[in-house]
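Worksheet: one structure, shown below.
Since this is a predicted model, take the numbers as computed values, not measurements. We use all heavy atoms of the structure for the numbers below, so side chains are in, but hydrogens, waters and symmetry mates are not.
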Amino acid sequence: MPDVLAALPAAPAVLAARLLAWYDAGHRALPWRPEAGALGDPYRVWLSEVMLQQTTVAAVIPYFEKFLASWPTLAELAAAEDAAVMAAWAGLGYYSRARNLLACARAVAAEHGGRFPDTEEGLRALPGVGPYTAAAVAAIAFGRRAAAVDGNVERILARLTDDATPLPAFKPAARALGLALVPAERPGDFAQAAIDLGALVCRPREPDCLLCPWRDVCRARAAGTISQRPLRPPKAEKPHRRGTAFWVERDGCVWLVRRPAKGLLGGMAAFPCTEWSADPPPAALPPGWAATPLNATVRHVFTHFSLDLAVVKLSPPPQADPATAFGPGAWVPMEKIDGLPTVMEKVRAAAMGKNKTLRGDSVPSRTP
DNA sequence: GAACCGTGGAG
DNA sequence: TCTCCAAGGTT
């Protein structure tokens, strides 16, 4: 790795001081953010950082408020039921975060006397806490001199140094650069200032360089390479998958199952489904079950594949047990269905004839 | 290193 | 409609 100090266009102390002054002049006020110069509450900082992983601030705010209202303290969250937390997380995505959130809360409650470890290393050992989150909590909640390098910070550093190393290979250098810049005073404010700079000024597209505290020293700006920093690898093609979801209805109730703890939508409530694959096997139904294919297919795009999900309504015979065909589950009154991941929410809307609200997400079904 | 893991807003 | 991608972590 090239010399960190040589890569920087100015002394670390100068760059940090300018960034902190910029932060003090007008940073964002966010529900989890402490006053400038103060330490954050560890529970709030940790909860917000986990929610913010690969997720926009606008999407997180209502979930953060909801979680804080339902579980105001770490101890209360640690005592919560799995299903309640998964349902509260529904719609936010990356559901392993919710499982790890609970595991982490319970670990802190049981193994750390209810208090978060106050070092980067101690935090890093907790479930769902990786290098970024550990550094962010250590800096913001405990005032540790830690390098919280997220996507924003990678971007501002790649531009500041005009580093052409493509991601993710650039990450180690970014971490070294970030650590070199963190001041001994106000490391938490510095972490949030660097993130704000990336989010508000040094944006991926159309950055506002005239508002940047580093505009006169930025090497990518001087070189005219801003739009190419950080360099990203070409995107992979998304495969397409198909499957069928079953709306099993009886006496105003619908059969809901719980998805396996690991993998896609792990631990979430869902409608029974066939396998999702490029060429799924035909759906086999128990004899006597009346099937009504709907004239709609739910379309949903996940991170690494897109999905067309045919929706079939089923009316099981009075004595039939859906668990036999679809595994363990529960009858839920139709109007009380709640806490579904978005793709299942689309299935529900299609089955209940509310697909008008999902325009663009429903497509004509292929011939059954 | 690379694959896996959601969703929604912006342009 | 389509592409990009956001306060990443785990395996």
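- Ring-plane geometry between Phe116(A) and Trp46(A) is classed as tilted, the angle between the planes lying from 30 to 60 degrees on a 0 to 90 degree scale.
- Atom-to-atom, CG of Leu47(A) to P of dA7(C) comes out at 18 Å; the value is rounded to the nearest Å.
- Regarding contacts with the backbone of dG9(C), every side-chain N or O of Arg124(A) stays at 4.0 angstrom or more from both OP1 and OP2.
- Residue contacts shown for Trp32(A) include a base, since a base heavy atom lies under 4.0 Å away.
- Using a 4.0 Å heavy-atom criterion, one finds that Ala191(A) contacts no nucleic acid atom at all.
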Query - Candidate pair Trp255(A) and Phe246(A), rule ring-ring contact (aromatic ring centres under 6.0 Å, His included), full reasoning - result: CA-CA 9 Å; Trp255(A) 188 254; Phe246(A) 299 103; over 10 Å; no

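- Here the P atom of nucleotide dA7(C) and the CD atom of Gln192(A) are 13 Å apart, to the nearest Å.
- A heavy atom closer than 4.0 Å to some atom of DNA chain C occurs in Gly130(A), Pro131(A), Tyr132(A), Thr133(A), these being the qualifying members of residues 130-143 of chain A.
- Straight-line distance between the C1' atoms of dC5(C) and dC5(B): roughly 15 Å, to the nearest whole Å.
- Rounded to whole angstrom, the span from the CZ atom of Arg203(A) across to the P atom of dA6(C) amounts to 13 Å.
- The nearest whole Å value for the distance from the CH2 atom in Trp46(A) to the P atom in dG8(C) is 17 Å.
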Report task. Could you walk me through whether Phe64(A) and Trp32(A) pass ring-ring contact (aromatic ring centres under 6.0 Å, His included), step by step? Result -> CA-CA 8 Å; Phe64(A) 178 80; Trp32(A) 49 84; 5.3 Å; yes

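- Following rounding to the nearest Å, Lys235(A) (NZ) and dC4(C) (C1') show an atom-to-atom distance of 9 Å.
- Rounded to whole Å, atom C1' of dC5(C) lies 15 Å from atom CG of Leu52(A).
- Listed for the Asp208(A) side chain is no donor-acceptor partner under 3.5 Å among the backbone atoms of Leu211(A).
- Toward the 5′ end of DNA chain C lies the nearest nucleotide of Arg28(A), the other residue of the pair Arg28(A) and Lys262(A) mapping further downstream.
- Rounded to whole angstrom, the span from the CD1 atom of Ile156(A) across to the P atom of dA7(C) amounts to 11 Å.
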Query raised in the report: Do Arg299(A) and Asp308(A) pass the salt bridge (Lys or Arg N to Asp or Glu O under 4.0 Å) test, and can you show the C-alpha distance, the side-chain angles, and the key distance before you say yes or no?
Result: CA-CA 5 Å; Arg299(A) 177 164 291 173; Asp308(A) 274 351; 2.9 Å; yes

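- Here dC4(C) presents its P atom at 15 Å from CZ of Arg155(A), a figure rounded to the nearest Å.
- Remark: Arg259(A) is positioned above the aromatic ring of Trp276(A), its terminal NZ or CZ atom under 6.0 angstrom from the ring centre and at most 45 degrees off the axis.
- A donor atom on one side chain and an acceptor atom on the other are not found under 3.5 Å apart for Lys238(A) and His304(A).
- Taking atom C1' in both dG1(B) and dG8(C), one finds a spacing of 16 Å when rounded to whole Å.
- Closest of all the heavy-atom pairs between Pro72(A) and Tyr43(A) is O-CE2, 3.4 Å.
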Query raised in the report: How does protein contact run along nucleotides 1-11 of chain B, one letter per nucleotide 5' to 3', with B for base contact, S for sugar-phosphate only, - for none, heavy atoms under 4.0 Å?
Result: S--SBBBS---

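- Contact between Arg159(A) and Arg229(A) at its shortest, heavy atoms only, is NE-O, 2.9 Å.
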